[in-house]
K.L.:
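Here you go, one structure.
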Number of protein chains: 2
Amino acid sequence: MNLDLINDFLAIARAGNLSAAAVQRNANHSTIYRRLHLLEEQLNCRLFERLHDGYQLTPAGEELLVHAQRIEQEADAAERILAGKDTSLQGEVRVTAPENIAYEYLPAYLEQFHKIHPQIRVSVIVSNSDLDLNRREADIAIRATKQPPDYLVGRRVLSLSWFIYGNSKYLRRAGKISTIKDINNFDWIGPDPGLLYIAAFNWFHKNVRDEQIVSRASTLNAMAKQAETGMGLVVLPVDQVDKKLTKLMAFTPGDGSDLWLLTHPDLRFSGRIKALMEFLTNAFTGEKRLIG
Amino acid sequence: MNLDLINDFLAIARAGNLSAAAVQRNANHSTIYRRLHLLEEQLNCRLFERLHDGYQLTPAGEELLVHAQRIEQEADAAERILAGKDTSLQGEVRVTAPENIAYEYLPAYLEQFHKIHPQIRVSVIVSNSDLDLNRREADIAIRATKQPPDYLVGRRVLSLSWFIYGNSKYLRRAGKISTIKDINNFDWIGPDPGLLYIAAFNWFHKNVRDEQIVSRASTLNAMAKQAETGMGLVVLPVDQVDKKLTKLMAFTPGDGSDLWLLTHPDLRFSGRIKALMEFLTNAFTGEKRLIG
DNA sequence: TCATATCTTTGCATTTATGCAATTTTAATT
DNA sequence: AATTAAAATTGCATAAATGCAAAGATATGA
């Protein structure tokens with residue numbers, strides 16, 4: 001059996017249709033179609049039920065899926081472990097970071113890093129969701145969280161304080177907030193329910209009356225941009241805000257969060273990954289904009 | 001990473017050189033060469049040390065080998081399990097048997113079987129060594145042994161009695177043997193030391209004086225053929241001997257052996273494999289030539 | 001040191017796989 | 001029943017992988 005067909009099988013199983021699977025495998029859908037037929041022929045059994053709106057695993061396909069996933073995991077582990085043993089200061093490093101970090105902080109840092117290690121090529125993947133470092137979708141993850149997943153290793157480089165911000169236009173209209181008790185006397189840009197997993201927002205949601213919330217957004221960046229229009233105040237971590245908003249007072253509920261640099265244990269001793277981890281650690285700890 | 005390259009990697013690691021690996025993978029050696037380079041490039045590390053007389057794994061290669069073997073096992077398991085679920089009476093079945101069975105018994109049986117199940121194609125692999133049923137080098141193994149490996153399942157179809165044989169020419173010269181006590185009064189065709197794992201031969205080796213052994217051979221068939229020339233007597237299981245030799249007396253030391261039909265547990269319920277197993281069971285149990 | 005045998009590496013013709021674009025299928029919707 | 005929209009197939013030109021054969025390496029033994 002051509003083992004590589006397992007990759008195509010997995011892509012189809014996950015995507016549910018050929019076109020999406022083809023994108024994942026970067027190939028044409030007709031190629032994926034033909035390779036699936038090859039696999040089915042070689043295994044002499046139908047792996048998918050062809051429905052009008054996609055491919056669905058047959059029982060035999062489900063069976064294969066179990067093994068295919070183990071095969072993939074094993075291959076990923078091999079790749080990681082070999083990459084982890086490479087102490088040379090060259091090659092690619094993939095960093096994933098949330099929007100604000102990727103836009104406001106990384107560009108300057110990486111420009112500096114490139115001067116020191118011109119042989120290391122860095123790719124930035126903007127995302128805040130749990131990319132699969134197992135599958136090496138990224139090598140280093142920069143995340144703001146209180147508790148990173150325990151299958152990753154790394155260090156807490158900063159603690160991020162939260163503040164209440166507002167722009168000058170709104171401040172002129174509504175005056176300054178000076179104590180958290182007055183919270184319901186102001187208009188607010190609130191978080192979308194999807195953000196309530198963040199402790200600070202959870203507290204906010206429970207303590208601010210709904211009618212005080214003039215607008216919501218599903219990303220911190222969008223919240224900041226809305227606050228910049230002067231619609232209301234906003235509660236945000238320090239890293240999310242630039243000079244267009246004025247820092248009014250500390251916001252302590254939720255205990256803030258921490259900025260973590262994370263990587264997979266297998267990759268910890270890779271030369272290039274270690275180099276970038278160390279460089280970023282220094283960059284972030286020396287970052288004046290992020291000190292409360 | 002192209003997963004199929006793992007197969008090439010394994011073949012090179014096992015064969016120790018490209019040409020032999022190419023045969024295993026049935027491809028040209030230059031293809032294997034190019035694919036190895038591709039793999040090394042993709043993993044960005046050297047997997048083999050090129051020596052003048054072959055390829056030897058580097059430490060990184062050793063590392064990969066562990067994972068590659070797991071990948072292969074997983075893929076083999078998947079193939080077996082899917083094949084095992086196929087209840088249809090069609091497709092290929094690979095049977096491995098020792099020489100004598102493959103030459104003297106199987107042809108007639110398989111001709112009959114083909115009439116009943118024309119859709120099942122049977123391949124016979126002549127071998128007595130431990131083919132890897134895990135890797136599906138064969139689906140059914142026919143083996144003469146007292147105790148088959150416990151990772152296979154199957155049934156004992158016969159017990160094979162052992163006898164002392166001689167051809168008429170030798171009998172005229174030396175007379176008939178009638179009791180085992182006279183064993184050292186005759187000339188013998190003996191087993192090569194490589195056959196001493198067989199209990200009957202082991203006993204023979206310990207109880208027959210070396211000077212009585214006029215000739216040796218490393219396969220039972222060769223022993224039979226030598227005895228047919230009239231050089232001496234020979235001790236053999238009943239299945240190994242045809243009419244050219246006269247059966248003189250039973251040979252009980254070593255308890256004889258049993259004829260087993262074996263398959264992999266995963267394949268037990270495959271339609272075609274079940275059909276052939278059952279057919280062969282009947283064929284062998286009804287075989288008059290094999291009844292002591 | 002040269003011949004030798006074995007294995008690796010490369011150029012080129014051929015086969016095979018792929019992408020593209022057009023066509024067909026399928027089932028849900030009008 | 002016709003329409004539609006999304007996806008699966010298929011034909012054909014192009015690109016990529018492969019086999020073949022010849023050349024280059026490399027240690028071993030004369």
Side-chain angles (χ1 to χ4, degrees), chain A residues 1-62 64-65 68 71-72 75 79 82, chain B residues 1-62 64-65 68 71-72 75 79 82:
Chain A
M1 183 187 65
N2 181 338
L3 262 184
D4 201 43
L5 296 176
I6 290 292
N7 279 325
D8 298 310
F9 168 79
L10 278 173
I12 301 168
R14 286 173 182 147
N17 68 69
L18 294 191
S19 322
V23 174
Q24 275 184 41
R25 295 282 295 147
N26 55 327
N28 190 281
H29 59 140
S30 51
T31 298
I32 301 296
Y33 166 79
R34 288 183 276 234
R35 294 210 281 231
L36 172 60
H37 279 248
L38 231 109
L39 182 63
E40 289 188 329
E41 205 173 281
Q42 281 175 26
L43 295 176
N44 193 34
C45 72
R46 207 163 184 66
L47 297 169
F48 292 93
E49 226 49 85
R50 277 74 164 166
L51 306 176
H52 78 285
D53 60 344
Y55 276 40
Q56 191 171 37
L57 285 166
T58 61
E62 300 273 7
L64 180 59
L65 182 61
I71 289 171
E72 186 193 42
E79 280 195 68
L82 290 184
Chain B
M1 183 186 64
N2 180 337
L3 262 185
D4 202 42
L5 296 177
I6 290 292
N7 279 326
D8 299 309
F9 168 78
L10 279 173
I12 301 170
R14 285 173 182 147
N17 67 68
L18 293 192
S19 322
V23 174
Q24 275 185 40
R25 295 283 295 146
N26 56 325
N28 190 280
H29 56 144
S30 51
T31 299
I32 301 296
Y33 166 80
R34 288 183 276 234
R35 295 211 279 230
L36 172 60
H37 279 248
L38 231 106
L39 182 63
E40 290 189 329
E41 204 175 281
Q42 280 175 27
L43 296 175
N44 192 35
C45 72
R46 208 163 184 68
L47 297 169
F48 293 93
E49 224 50 82
R50 276 76 164 164
L51 306 176
H52 78 283
D53 60 342
Y55 276 41
Q56 192 172 35
L57 286 166
T58 60
E62 299 275 7
L64 180 59
L65 183 61
I71 288 171
E72 187 192 43
E79 279 195 68
L82 290 184

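Labels below follow one simple rule: chain letters A, B, ... track the order of the sequence lines, proteins then strands, and each chain is numbered from 1. Note that the structure is a prediction, hence the values are computed from the model and not measured.
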K.L.:
Which residues pass the side chain to side chain donor-acceptor pair (under 3.5 Å) test with Glu40(A), not counting sequence neighbours?
P.N.:
Arg50(A)
K.L.:
State which residues pass side chain to side chain donor-acceptor pair (under 3.5 Å) with Asn44(B); sequence neighbours excluded, sorted by chain then number.
P.N.:
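Expected list: Asp86(A).
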K.L.:
How long is the line joining CD of Glu49(A) and P of dA8(D), in whole Å?
P.N.:
14 Å
K.L.:
Give me each pair satisfying salt bridge (Lys or Arg N to Asp or Glu O under 4.0 Å) with a member in residues 27-39 of chain B, each pair once, sequence neighbours excluded.
P.N.:
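Only Asp8(B)-Arg35(B) qualify under salt bridge (Lys or Arg N to Asp or Glu O under 4.0 Å).
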K.L.:
Does any pair with a residue in residues 11-20 of chain B pass side chain to side chain donor-acceptor pair (under 3.5 Å), and if so which ones, sequence neighbours excluded?
P.N.:
Arg14(B)-Glu72(B)
K.L.:
Start with the C-alpha gap between Met1(B) and Asn7(A), add the side-chain angles, then the distance that decides, and say whether side-chain contact (heavy atoms from CB on, under 4.5 Å) holds.
P.N.:
CA-CA 9 Å; Met1(B) 183 186 64; Asn7(A) 279 325; over 6 Å; no
K.L.:
Could you work out, with side-chain contact (heavy atoms from CB on, under 4.5 Å) as the rule, every residue matching Ala21(A), not counting sequence neighbours?
P.N.:
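side-chain contact (heavy atoms from CB on, under 4.5 Å) list for Ala21(A), sorted by chain: Ala11(A), Ile12(A), Ala15(A), Ile32(A).
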K.L.:
Does anything in residues 1-11 of chain A come within less than 4.0 Å of DNA chain D? Heavy atoms only, and list the residues if so.
P.N.:
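None, since no heavy atom is under 4.0 Å.
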K.L.:
Report the residues that fulfil ring-ring contact (aromatic ring centres under 6.0 Å, His included) with Tyr33(B), sequence neighbours left out, ordered by chain and then residue number.
P.N.:
His37(B)
K.L.:
For nucleotides 6-19 of chain C, give me one character per nucleotide, 5' to 3': B if any protein heavy atom sits under 4.0 Å from the base, S if the only such contacts are to the sugar-phosphate, - if neither.
P.N.:
-SBBBB------BB
K.L.:
Measure CD/Gln56(A) against C1'/dT26(C) and give the value in whole Å, please.
P.N.:
16 Å
K.L.:
Using the test side chain to side chain donor-acceptor pair (under 3.5 Å), find all partners of Asn2(B) that sit at least two apart in sequence or belong to another chain.
P.N.:
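Testing Asn2(B) for side chain to side chain donor-acceptor pair (under 3.5 Å), a comparison that skips the adjacent residues, returns none.
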